[in-house]
Amino acid sequence: MKIFTAEKIKAGDQFTIKNEPVTSIALMERAAQKCVDWIFTYCKNNHKFAVFCGNGNNGGDGFAIAKMLYLKGFDVDVFIDSSNEKFSDDAHFNYEKVKEISGISLYDFSAIDKFKFDNDTVIVDALFGTGLSRKLEGKFVQLINALNDLKQIKISIDVPSGLFSDQISEENQTILKADYTLSFQFWKRTFLHPETGKFTGKVIVLDIDLNKEYIDETSTDYFVIDDEIIKEIFRPRSDFAHKGTYGRAAIVAGSFGKMGAAVLATKSTLKTGTGLTFTVAPNCGYEILQTSCPEAMFVSGGEKCIENIEIQKETVYGIGPGLGTDILTKKALIEFLNDVKEPLLLDADALNIISESRETINLIPKNSVITPHPKEFERLFGKTENSFTRVELGIRKAKELQIFIVLKDHHTQIITPEGKVFYNITGNSGLAKGGSGDILTGIITSLLTQKYSPETACILGVWLHGKAADLAAEKFSKESMLPTDVIVELGNVFLDLNKKVTTLL
């Protein structure tokens with residue numbers, strides 16, 4: 001799914017109005033109806049709604065929603081700024097429609113101070129939409145703060161009021177904290193970053209049927225990884241395949257006391273479907289690996305740490321989990337990078353070793369994949385003010401080094417050498433445990449061995465990792481799920497994915 005700026009979304013509205021054709025009021029009604037359909041499905045046990053409407057088109061959506069909810073039999077109250085009834089044309093049209101309904105009570109925003117909201121009342125936020133470009137002031141700050149203090153469920157229409165669509169929040173910016181955000185047609189970039197995404201609650205993207213030609217032909221460098229992208233990427237396993245069909249992977253991992261990382265990376269490589277898997281590890285981990293991962297072949301890389309990494313032909317390397325930063329390991333990695341020419345994956349301590357020298361960073365082969373978490377990214381490329389500027393720096397570095405950067409976060413970002421950014425929306429905070437990144441290393445390495453391109457291997461790999469984590473959380477909870485549970489659930493993700501893809505054939 002493409003991510004468009006507020007400006008391009010507005011242009012899409014106008015293109016749809018002109019080319020469908022459809023009136024702007026009819027398009028607003030369409031969007032409002034999609035919201036009401038969702039609300040009716042998921043809030044049917046709530047009987048009262050308090051709709052807060054601004055003066056722009058977001059307020060127009062709110063007036064239309066209020067009218068439709070009332071006609072479905074709900075009790076509806078509408079709150080407006082009585083001191084300023086200068087609305088946009090479409091908002092004014094729907095405001096007049098609401099005024100005609102005697103069963104809907106109209107209140108000024110100031111009434112919130114004394115208004116008694118029932119426990120089952122749902123707050124609908126339709127104050128400010130995607131056009132907001134400066135932080136809220138005066139009475140709106142007071143209003144948003146008062147709404148945030150309420151315990152009732154809050155649903156924001158298109159975007160939480162006070163939140164920008166395309167840029168990081170300013171310091172001390174007042175933003176409504178929603179439980180749900182009903183976003184029209186697209187994700188907004190701010191929904192996908194930790195500093196701003198915390199205000200959206202659960203994001204529900206509603207298809208309001210904007211013109212498909214406009215969506216297809218309008219360019220963007222930002223995308224959300226959705227099911228459609230995954231279906232296009234995934235290749236079902238051939239019935240006539242053999243182990244040579246799916247390549248050779250070498251996981252270079254582990255050191256004394258950190259063999260668990262090597263086990264997790266090896267197991268996830270195997271579970272993702274590599275034809276032949278080798279684990280290059282120190283001898284202190286021999287029995288551990290041969291016992292826990294009998295399907296993988298052990299290659300000695302030293303005694304208590306990696307001291308040597310030999311290049312094997314036609315093999316994809318995933319290097320880093322539990323590697324440690326012993327001086328012998330540093331020497332072995334740098335010598336390996338001086339000789340290797342083919343793309344590989346680097347993670348964890350491999351990145352920490354590389355970050356110590358600018359010359360070593362330049363040794364990373366083109367089209368390789370690195371998978372840093374924010375701190376590892378900082379060690380490699382320097383500090384940034386926030387996650388937005390971190391992505392911007394990542395784009396510059398991916399272009400400069402011609403590599404793929406998988407920047408791990410709640411919504412992990414995949415940054416390509418062409419400057420495209422793909423946001424992943426699978427996964428959950430149950431992955432915030434040691435070992436989760438080692439699993440991702442194995443998954444992406446495995447996909448690279450199976451001849452997925454670096455871009456598609458990163459996209460599919462991050463999605464698989466998150467999807468398996470979601471299944472694990474459903475079974476065991478975010479608190480109790482383990483990285484090993486995520487590995488086990490990979491099988492169920494592949495089962496489901498094969499069914500969906502086979503159905504389309």
Side-chain angles (χ1 to χ4, degrees), residues 243-326 328-333 335-337 339-340 342-353 368-371 434-450 457 461 464-465 482-484 486-488 490-491:
K243 62 186 178 183
T245 307
Y246 297 106
R248 297 161 55 104
I251 297 297
V252 183
S255 56
F256 184 79
K258 297 180 180 178
M259 293 313 302
V263 171
L264 291 170
T266 301
K267 280 190 171 183
S268 62
T269 304
L270 291 163
K271 199 75 172 177
T272 308
T274 301
L276 288 168
T277 301
F278 300 83
T279 306
V280 182
N283 291 334
C284 63
Y286 173 77
E287 291 184 0
I288 295 170
L289 283 159
Q290 289 293 84
T291 303
S292 59
C293 308
E295 301 89 347
M297 286 164 276
F298 181 89
V299 178
S300 174
E303 289 303 316
K304 290 191 174 183
C305 66
I306 295 293
E307 302 171 23
N308 180 55
I309 310 170
E310 292 184 3
I311 297 177
Q312 301 181 45
K313 292 181 180 179
E314 299 180 350
T315 301
V316 177
Y317 285 80
I319 307 176
L323 202 65
T325 55
D326 187 275
L328 294 174
T329 304
K330 292 179 182 180
K331 182 174 180 291
L333 178 62
E335 287 178 353
F336 175 82
L337 290 175
D339 294 335
V340 72
E342 298 301 317
L344 68 156
L345 184 146
L346 297 163
D347 181 35
D349 282 331
L351 298 179
N352 292 330
I353 292 170
S368 290
V369 177
I370 66 171
T371 59
S436 296
D438 304 325
I439 295 170
L440 182 61
T441 291
I443 292 170
I444 297 177
T445 301
S446 179
L447 294 171
L448 289 169
T449 69
Q450 297 172 60
L464 284 168
H465 185 241
L482 295 173
T484 46
V486 177
I487 295 173
V488 170
L490 284 170

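No hydrogens, no waters, no symmetry mates; every other heavy atom, side chains included, goes into these values.
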Checking Leu447 against Leu464 for the side chain to side chain contact (heavy atoms under 4.5 Å, CB included) test, could you report, in this order, the C-alpha distance in whole Å, the side-chain angles of both residues, the deciding distance, and whether it holds? CA-CA 11 Å; Leu447 294 171; Leu464 284 168; 4.2 Å; yes
Would you compute the distance between atom OG1 of Thr277 and atom NZ of Lys243 and round it to the nearest 0.5 angstrom? 11.5 Å
Evaluate the criterion side chain to side chain contact (heavy atoms under 4.5 Å, CB included) for residue pair Thr371 and Ile444; output intermediate values, then yes/no. CA-CA 10 Å; Thr371 59; Ile444 297 177; 4.3 Å; yes
Which of these, Thr441, Thr272, Thr269, Thr274, sits in a side-chain hydrogen bond (donor to acceptor under 3.5 Å, both in side chains) with Ser446? Thr274
Heavy-atom closest contact (Ala265 atom, Pro321 atom, distance): CB-CG, 4.0 Å
Name the one of Thr445, Ile353, Val340, Leu333 that satisfies side-chain contact (heavy atoms from CB on, under 4.5 Å) with Ile319? Leu333
For Met259 versus Ala281, what's the shortest heavy-atom pair and its separation? CE-CB, 3.9 Å
Heavy-atom closest pair (Cys305 atom, Leu328 atom, distance to 0.1 Å) is SG-CB, 4.3 Å
Could you check whether any side-chain heavy atom of Val280 comes within less than 4.5 Å of a side-chain heavy atom of Ile306, counting everything from C-beta outward? yes
Once rounded to the nearest 0.5 Å, what's the spacing between atom CD of Glu335 and atom CD1 of Ile311? 10.5 Å
Less than 4.5 Å apart, any side-chain heavy atom of Thr484 and any of Leu264? yes
Between Asp347 and Leu440, is any pair of side-chain heavy atoms under 4.5 Å apart? no
Do Val263 and Cys293 have side chains that approach each other closer than 4.5 Å (heavy atoms only, starting at C-beta)? yes
If we ignore angles and hydrogens, is there a donor and acceptor under 3.5 Å between the side chains of Thr325 and Asp349? no
Where is the tightest heavy-atom contact between Arg248 and Lys313, given as atom of each residue plus distance? NE-O, 3.8 Å
Taking CD in Glu342 as the centre, count heavy atoms belonging to other residues, nucleotides or ligands within less than 6.0 Å. Is the count above 12? no
Are side-chain heavy atoms of Met297 and Leu276 found at a separation under 4.5 Å? yes
To the nearest 0.5 Å, what is the distance between OG1 (Thr266) and NZ (Lys271)? 14.5 Å
Would you say Leu490 and Ile443 make side-chain contact, with heavy atoms under 4.5 Å? yes
Using atom types as modelled and distance alone, determine if a side-chain donor or acceptor of Thr449 lies under 3.5 Å from a backbone N or O of Tyr246. yes
Quick one: NZ on Lys267 to CD1 on Ile251, what's the gap to the nearest 0.5 Å? 14.5 Å
Would you mind reporting whether His465 and Ile439 have side-chain heavy atoms less than 4.5 Å apart? yes
Between Ser255 and Cys284, what is the shortest heavy-atom contact and its length? C-SG, 4.4 Å
More than 12 heavy atoms of other residues, nucleotides or ligands under 6.0 Å from CD of Glu310: yes or no? no
Contact summary for Ser268 and Gly442, nearest pair of heavy atoms: OG-CA, 3.3 Å
Heavy atoms from other residues, nucleotides or ligands near CD of Gln290 exceed 12 (cutoff 6.0 Å): yes
Proximity of Phe336 and Tyr317 rings by center, below 6.0 Å: yes
To the nearest 0.5 Å, tell me how far Thr279 OG1 sits from Phe298 CZ. 8.5 Å
